[in-house]
Number of protein chains: 2
Amino acid sequence: MRLSTRAQYAVRAMVDLSLYSQGRPVSLKEISRREEIPLNYLEQLFFRLKKGQIVTSVRGPGGGYVLAREESAIKVGEIVVTVEEQLNPVACLDEGDRSCQREARCLTHTVWQGLGERIKGFLDSITLEDLTRGARARHADEGNNGNGACRTAG
Amino acid sequence: MRLSTRAQYAVRAMVDLSLYSQGRPVSLKEISRREEIPLNYLEQLFFRLKKGQIVTSVRGPGGGYVLAREESAIKVGEIVVTVEEQLNPVACLDEGDRSCQREARCLTHTVWQGLGERIKGFLDSITLEDLTRGARARHADEGNNGNGACRTAG
DNA sequence: TACATACTTGACAATTATAGTAAGGTATGC
DNA sequence: GCATACCTTACTATAATTGTCAAGTATGTA
C-alpha cells in the first residue's frame, strides 16, 4: 500500500515551488538543489504536472515553472493522481478494466471501492495552501533558511 | 497506491473460509478451487495468517483451517496488515525508519501520516461478519452454488 | 545574431518488489 | 502405514519503479 516516490517527490516539489515562487518562475535546478531530487527526474514529473495543468512553464533564461492556479485551488489529490496515474487500491476499479465481471456479487469489491473513495477524499481535502500556511508563518517569524519542505523523505 | 494481490487474496480467502467453515476445518484445496488461487500461494498466506493468530489449523486428514475468533472480531485491516507487513503509504512512517529526520519540520509528513491513519481506520471498521452477512442471506434465500466471493478480481 | 539558460521529450538501464512455482518435510486420522 | 493436508524454505520469472542519459527546442539578453 505504498505511494510511489514519484508522488511524494511531486508533492514536495509543488510545496517548494509554492513557497519560493511568489508569482515568479522557479527553475527546476533550484528545486532540485533544495529538495535533493535528481534534476532529470524532476523534469519528468513537471512534464506530467504541466500536462495536468497544475503548473505552467516559462522558457528561456530566467524561466521555470509557475503554479497554474492559486495555492488554495490545488489539491494534493490532484498532484498525486497526475503523476501516479492510478489511485485505486485494486486493478478492477480502474476504468476500462473488465476482469472483474462478478462485481455485483463480489463481497470484497465494495471494500476496495470504499477504500479508494476515502483515499481520494482525504487527499482532495488538503490544498497546497494548507501545506504552506504553517511554513510561511514560521518563515516570516524566524527569517531562517526557509527549508520548509522535508528534504530526505516523507 | 495499490494493495498487493496478496492482501486481496487473503481477504477473499478469509471470506470464503468464513462462509464455508461453520466451525469445521476447511482445507486450502477447497478454497483454492473455489477462489482460483494457487494452492501453494494460499499456503504461504495462511502460514502468515496463522502466525498472526487470525486462523488456527487442524492437521491431518479432514483437517484445514478455522477462524481463530468469531467473524465479528476479525477486522479486514488485521488481515491486510498480517499478510502485507506494511500499510503505511510512505516508508518514513515505518517503525525503525530513521531516514526522515526532519519529521517535525516536514510539511508533507503529516499528510502521509493522516492518510495512513484513514486507511487503517477504514479497513479496521469492517469485519468479516460485515462481508459475509449479505452473502449468507442470499445463500439461504436462493440455495444457489454459494459463490459469495468474487473469483477473478476485486 | 550568438549564446546561455532552461524547458521538452524519448529511450533506456538498474534496481527492487511481487507473484507464482517447486519441493520436501511433518503431523495425524483412519 | 498410508493418505491427507498442513508447514516451511528456496527460488525464478516478470513487472514496475526509479533514476540516468542524451539530444533536442524555445527564448531572453548581450
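Per chain, numbering begins at 1; letters A, B, ... match sequence-line order. Reckoned from all heavy atoms, side chains included, excluding hydrogens, waters and symmetry mates.
Atoms CD1 (I31(B)) and C1' (dA5(D)) sit 12 Å apart, rounded to a whole Å. Rounded to whole Å, atom P of dA16(D) lies 13 Å from atom CD of E84(A). Spacing between atom CG of N40(B) and atom P of dT9(D) amounts to 15 Å, rounded to whole angstrom units. Rounded to whole Å, the distance from OH on Y41(B) to P on dT18(C) is 9 Å. The nearest whole Å value for the distance from the CZ atom in R48(B) to the C1' atom in dA19(C) is 12 Å. The distance between atom CG of L39(A) and atom C1' of dA6(C), rounded to the nearest whole Å, is 9 Å. Rounded to whole angstrom, the span from the CD atom of Q8(A) across to the C1' atom of dT18(D) amounts to 12 Å. Taking atom CG on L49(B) and atom C1' on dC7(D), their separation rounds to 14 Å, with Å as the unit.
Within 4.0 Å (heavy atoms only), F46(B) reaches no atom of the nucleic acid at all. Nucleic acid contact for F47(A): sugar-phosphate only, since backbone atoms but no base atoms lie under 4.0 Å from a heavy atom of the residue.
Between the side chain of E43(A) and the base of dC7(C), no donor-acceptor pair under 3.5 Å is found. In terms of polar N and O atoms assigned as donor or acceptor, the side chain of R59(A) never comes within less than 3.5 Å of the base of dT5(C) in a complementary pairing. Side chain Q44(A) to base dT20(D): a donor-acceptor pair is found below 3.5 Å.
Summary of the strand contacts: G60(A) and M1(A) both lie near DNA chain C, and taking for each the nucleotide with the nearest heavy atom, the more 5' one is attributed to G60(A). Comparing V26(A) and S4(B) against DNA chain C, the residue whose closest nucleotide sits nearer the 5' end is V26(A).
Other residues, nucleotides and ligands place more than 12 heavy atoms under 6.0 Å from the CD atom of E129(B). Under a cut-off of 6.0 angstrom, the local environment of CD in E30(A) is crowded, with over 12 non-hydrogen atoms contributed by other residues, nucleotides or ligands.
The shortest distance between the side-chain N/O atoms of T5(A) and the OP1/OP2 oxygens of dG19(D) is below 4.0 Å. Regarding contacts with the backbone of dC7(C), every side-chain N or O of S57(A) stays at 4.0 angstrom or more from both OP1 and OP2. Taking side-chain N and O atoms only, K29(B) has no distance below 4.0 Å to OP1 or OP2 of dT4(D).
Aromatic ring pairs are classed by plane angle as parallel below 30°, tilted from 30° to 60° and perpendicular above 60°; the pair Y41(A) and Y9(A) is perpendicular.
Closest approach to the Y9(A) side chain among dG19(D), dG20(C), dC6(D) is made by dG19(D) (side chain taken as heavy atoms from C-beta onward). Distance from the side chain of P38(A) is smallest to dT20(D) among dT20(D), dT18(D), dC6(D). Each of dT20(D), dC7(C), dC6(D) was ranked by its minimum atom distance to the side chain of Y65(B); first place goes to dC6(D).
For the atom pair CG (L128(A)) and CZ (R69(A)), the distance works out to 9.5 Å, reported to the nearest 0.5 Å.
Side-chain contact, T127(B) with K75(B): no donor N or O sits under 3.5 Å from an acceptor N or O.
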